Amino acid sequence: MDAKERNGSEEKSFKAAVITVSDKGARGERVDESGPAAKEMLEEAGYEVVETLIIPDEPEELKTELIRLADEVRADLVVTSGGTGSMRDQTPEATLAVADRLAPGIAEAIRYQSMAVTNRAMLSRGVSVIRRQTVIVNLPGSPKAVRESLGYILDSLDHGIRILRGSASECAR
């Protein structure tokens, strides 16, 4: 079932964008496997992936892209992969800088579910926020962790996006 079928035929399908934050990936020194993993899962869930980007871990560049994808492209969902682990990484800070509102439950759910896989999940710095009507979620950098993390949240994200669009009530039950 795709997003249109889940949401009713009167709604357009969800638009998504994927940003891989990796210095080595942006320089062509490493093949990006995380971005394609996210794109594949999103498409399987019925999202139209309108952009995929690989950018260096430069906060100003990430902020520019997040703002553009939310404000101009009007993506319903933007997921980032990487930029949350090393001392240089600033993906969470750049994401928070463009936020209108926080959506902490998404990142908390990822950490909670990931604890069953590795107790190092508690060290994740990823955040989740809302800018205008766009949900932005930071995912880990590995393809395995991207698949696991998206698997934990995709079904619930559909409802959250419909709430932002005004086409669903906030009642969870």
Side-chain angles (χ1 to χ4, degrees), residues 1-21 34-53 62-63 65-84 91-117 121-122 124-141 143 145-173:
M1 177 184 328
D2 68 16
K4 201 174 217 182
E5 291 169 329
R6 278 194 305 275
N7 300 332
S9 60
E10 74 283 352
E11 285 192 53
K12 64 179 182 176
S13 62
F14 299 140
K15 291 193 313 187
V18 177
I19 302 174
T20 301
V21 181
S34 298
K39 180 179 189 275
E40 179 182 338
M41 284 191 74
L42 290 166
E43 288 176 341
E44 286 174 2
Y47 286 78
E48 175 192 0
V49 178
V50 294
E51 282 197 48
T52 58
L53 306 166
L62 179 55
K63 287 190 278 189
E65 292 299 340
L66 292 172
I67 291 167
R68 182 183 65 79
L69 290 166
D71 298 4
E72 296 171 27
V73 175
R74 297 187 178 186
D76 298 294
L77 173 65
V78 177
V79 296
T80 68
S81 174
T84 61
T91 297
E93 291 76 15
T95 302
L96 289 169
V98 303
D100 294 329
R101 293 177 284 168
L102 302 178
I106 298 167
E108 289 167 6
I110 291 170
R111 275 188 281 278
Y112 176 78
Q113 294 288 336
S114 297
M115 285 293 293
V117 178
M122 71 177 79
S124 170
R125 297 176 50 248
V127 299
S128 45
V129 304
I130 297 167
R131 179 178 176 86
R132 295 193 178 191
Q133 290 188 304
T134 301
V135 176
I136 302 170
V137 180
N138 299 156
L139 301 176
V146 164
R147 286 185 196 92
E148 290 168 354
S149 298
L150 275 178
Y152 303 143
I153 63 172
L154 267 177
D155 286 342
S156 296
L157 281 179
D158 289 357
H159 183 71
I161 291 168
R162 287 193 306 272
I163 289 171
L164 284 176
R165 287 181 171 182
S167 61
S169 73
E170 294 183 30
C171 297
R173 298 181 187 187

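Quantities reported herein were computed from a predicted structural model and do not represent experimental measurements.
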**Report entry** Closest approach of S81 to V146 (non-hydrogen atoms, all atoms of both residues)
**Finding:** OG-CG2, 3.5 Å

Report summary line: So OG of S128 and CD1 of I153: to nearest 0.5 Å the spacing works out to 7.5 Å

**Report entry** Verdict with supporting geometry, R165 and D76, side-chain contact (heavy atoms from CB on, under 4.5 Å)
**Finding:** CA-CA 9 Å; R165 287 181 171 182; D76 298 294; 3.2 Å; yes

Report task. May I ask you to test the L102-V127 pair for a side-chain heavy-atom distance under 4.5 Å? Result -> no

Report summary line: Shortest non-hydrogen pair, P92 vs G83, comes out as CD-O, 3.6 Å

Requested in this report: Measure across M115 and M122 and return the closest heavy-atom pair with its distance rounded to 0.1 Å.
Outcome: SD-N, 3.5 Å

Query raised in the report: Salt-bridged, R68 to E65, with N to O below 4.0 Å?
Result: yes

Query raised in the report: Does any non-hydrogen side-chain atom of F14 lie less than 4.5 Å from one of D158?
Result: yes

Report summary line: Between the CG atom in D155 and the CG atom in L150, the distance rounded to the nearest 0.5 Å is 11.0 Å

Query raised in the report: Heavy-atom distance under 4.5 Å between the side chains of I136 and V98, does that happen here?
Result: yes

Query raised in the report: Are any of the side-chain heavy atoms of V79 and M41 separated by less than 4.5 Å?
Result: no

Query raised in the report: So, do P140 and S124 sit near enough that their side-chain heavy atoms are less than 4.5 Å apart?
Result: no

Requested in this report: Decide yes or no on side-chain contact (heavy atoms from CB on, under 4.5 Å) for L42 and L77, but give the supporting numbers first.
Outcome: CA-CA 10 Å; L42 290 166; L77 173 65; 3.7 Å; yes

Report summary line: Distance col, row L53:CG vs T80:OG1, nearest 0.5 angstrom, shows 11.5 Å

Requested in this report: Search all heavy atoms of T52 against all heavy atoms of K39 and return the closest pair with its distance.
Outcome: CG2-CD, 3.7 Å

Query raised in the report: How far does CZ of R132 sit from CG of L69, to the nearest 0.5 angstrom?
Result: 13.0 Å

**Report entry** R111 to G126 - nearest heavy-atom pair and separation
**Finding:** NH1-O, 2.9 Å

Report task. For the residue pair L154 and Y47, establish whether any side-chain heavy-atom pair is separated by less than 4.5 Å. Result -> yes

Report task. Find out whether L66 and R131 are in side-chain contact, i.e. whether some heavy atom of one side chain is under 4.5 Å from a heavy atom of the other. Result -> no

**Report entry** Pairwise distance CG(L164) to NE2(H159) - rounded to 0.5 angstrom
**Finding:** 10.5 Å

Report task. Kindly indicate, with the supporting measurements, whether the criterion side chain to side chain donor-acceptor pair (under 3.5 Å) is fulfilled by N138 and T95. Result -> CA-CA 8 Å; N138 299 156; T95 302; 3.0 Å; yes

Query raised in the report: Mind checking whether D71 and T134 have side chains closer than 4.5 Å, heavy atoms only?
Result: no

Query raised in the report: Which value, rounded to the nearest 0.5 Å, describes the distance between L157 atom CG and R162 atom CZ?
Result: 10.5 Å

